[in-house]
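Notes follow once the structure below has been shown.
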Amino acid sequence: MRTEKKQLIFISNKQEIISELQEGLSRYFEVNVVSSIHTAYTLALKLLPDIILIDQTSFTTQDLKNLENFKSTHFLNKSWLIMYANILDKAEIDLNYKPLLDDIFYDAASSTALSERLIDQVYANLSLSNYWKDAFLGLFNLLSNPVVLLQQEVIVSMNDSFKQTFKIDSADGVKLTDFVNCENKTKVKASLRNFARGKHMQATTRTALRLGDHKIRNAKISFSKLDKMLQGQYIMMIQFTEDDTYVKEEIGSICEMVNTCFEENSQLTNYSFTSREKEIIQLLCKGYKTKDISDRLFISPKTIEKHRANIIKRTNSETILESIIYAINHNLIDVSHA
């Protein structure tokens, strides 16, 4: 019994054939329709589809110039790349596109016949799958180190060792920042975001992680992107560097961008508030708004907003309310004067 639908991306701007194919394939495929090659490529990197079907009759030769990108990206090598083409253009298609394609269907065939061929082919070809992702997910469960598949700070998948170490059963709704100390969350989040967006394919750094038994252990963490175009998805492997719970201050990386981000954010936690920042926090505790503070301290609202941003950044918080709570809990302001 066929229960799992395959992923199909159909690149076309002709509504008639789109409607006919969606009707014929909806039982077997999740059909994603896009109107440009560029949009389809971006979507393909997210979905890792079983089939990419290109309607050549919707595009000019110029539109198809980047067709080779699909097969030049290793995550899409196992996607079945097909062209639905005009039989009158067969000579040109054979010359320019045939080496890039897995198959070509010409418009002499009806949309019903095309749907049937797609269904037969995808279920007859047992090797047609998201090969690279399947291979990775199968391999990383064999590793003794905790390993996760990340998209920025969000954990997409985790291996058995990670589950055992951090006492967690599922990756649903879990972020890497859930396993770091409160004061480190912002710097870790920023570093992960910068790495995902940057040009570096690998990076190594050190930080402290909270285990499932609530103990703190220092760890060397290594990142490796699966594909530089894959919307920020990458592998992270954890290697614990010592048995005790002492947390070292050193932070390092082979990636200068990640290293700088960690160092800058680490230094912020060592600073105390300036006298002006303390004044602003105390007035905020009294319920003063930006305009009220401006009138009271004779400084511009823009300057106050800059101070607020510094307070949030200094406390590794996301809102000014979190910053105030942090300041009170760590005795950074005199509450009696607030």
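Please read these numbers as outputs of a predicted model, since none were measured by experiment.
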| About how many Å separate CD of Gln22 and CD of Gln15, when rounded to the nearest 0.5 Å? | 7.0 Å

| query | Ser79 versus Pro49: any side-chain heavy-atom pair under 4.5 Å? | reply | yes

| Is it true that Asp292 and Arg296 make a salt bridge, defined as a side-chain N closer than 4.0 Å to a carboxylate O? | no

| request: Mind checking the CG-CG spacing from Leu21 to Leu53? Nearest 0.5 Å is all I need. | output: 6.5 Å

| task | Compare all side-chain heavy atoms of Leu67 with those of Ile54 and state whether any distance is below 4.5 angstrom. | result | yes

| request: Answer yes or no: is there a donor N or O on one side and an acceptor on the other, between the side chain of Lys225 and the main chain of Gln202, under 3.5 Å? | output: no

| Is there a side-chain contact between Leu47 and Asn32, using heavy atoms and a 4.5 Å cut-off? | yes

| query | Does Val147 offer a backbone N or O that forms a donor-acceptor pair with the side chain of Asn159 under 3.5 Å? | reply | yes

| Do Ile93 and Met83 have side-chain heavy atoms sitting under 4.5 Å apart? | yes

| request: To the nearest 0.5 angstrom, please state how far the CG atom of Leu114 sits from the CD atom of Glu116. | output: 10.0 Å

| field | Distance-only polar pair, side chains of Thr290 and Glu305, donor-acceptor under 3.5 Å | value | yes

| said: If you apply the rule side chain to side chain contact (heavy atoms under 4.5 Å, CB included), what do you find for Phe162 with Asn145, and how did you get there? | reply: CA-CA 7 Å; Phe162 189 96; Asn145 293 89; over 6 Å; no

| remark: In Ile155, Ile238, Leu211, the residue satisfying side chain to side chain contact (heavy atoms under 4.5 Å, CB included) with Phe179 is Ile155

| request: Dump the intermediate steps for salt bridge (charged side-chain N to carboxylate O under 4.0 Å, His left out) on Glu279 and Arg276, then the final yes or no. | output: CA-CA 5 Å; Glu279 286 181 312; Arg276 181 63 84 187; 3.0 Å; yes

| Cluster check Ile304, Leu297: I/L/V/M/F/W/Y, side chain < 4.5 angstrom | yes

| request: Check the pair Ile82, Phe105 against side chain to side chain contact (heavy atoms under 4.5 Å, CB included), reporting the backbone distance first and the verdict last. | output: CA-CA 7 Å; Ile82 310 168; Phe105 298 154; 3.9 Å; yes

| field | Common cluster, Ile235/Val154, ILVMFWY with side-chain heavy-atom separation under 4.5 Å | value | no

| query | Taking atom types as modelled and ignoring hydrogens, do the side chains of Thr39 and Thr42 form a donor-acceptor contact shorter than 3.5 angstrom? | reply | no

| At what distance, to the nearest 0.5 angstrom, does NZ of Lys175 lie from CG of Leu150? | 12.5 Å

| request: Apply salt bridge (charged side-chain N to carboxylate O under 4.0 Å, His left out) to Lys71 and Asp102, showing your working. | output: CA-CA 10 Å; Lys71 286 300 184 179; Asp102 294 303; 3.0 Å; yes

| request: Would you please say whether a donor-acceptor pair under 3.5 Å links the side chains of Asn86 and Gln56? | output: no

| Going by atom types alone, do Ser161 and Ser144 pair a side-chain donor with an acceptor below 3.5 Å? | no

| Does a donor on one side chain and an acceptor on the other come within less than 3.5 Å for Ser35 and Asn13? | no

| query | Just wondering, do Ile52 and Leu8 contact through their side chains at under 4.5 Å, heavy atoms? | reply | no

| Is the shortest heavy-atom distance from the side chain of Ile17 to the side chain of Phe10 under 4.5 Å? | yes

| task | Would you give the length of the straight line joining atom CG of Leu176 to atom CE of Met158, rounded to the nearest 0.5 angstrom? | result | 10.0 Å

| task | Check whether the side chains of Glu92 and Thr61 place a donor and an acceptor atom closer than 3.5 Å, and report yes or no. | result | yes

| Strictly by modelled atom types, are Glu23 and Ser19 linked by a side-chain donor-acceptor pair under 3.5 Å? | no

| query | Can you name the nearest heavy-atom pair linking Ala40 to Ile11, along with the distance? | reply | CB-CD1, 3.3 Å

| Between Phe240 and Phe166, what is the ring plane arrangement, given parallel below 30°, perpendicular above 60°, and tilted in between? | tilted

| remark: Rounding to 0.5 Å, atoms OH (Tyr41) and CD1 (Ile37) come to a distance of 12.5 Å

| query | Do Ile119 and Phe29 have side chains that get closer than 4.5 Å, going by heavy atoms? | reply | yes

| Is there a path from Ile87 to Leu101 through hydrophobic residues (I, L, V, M, F, W, Y) whose side chains come within less than 4.5 Å of each other? | yes

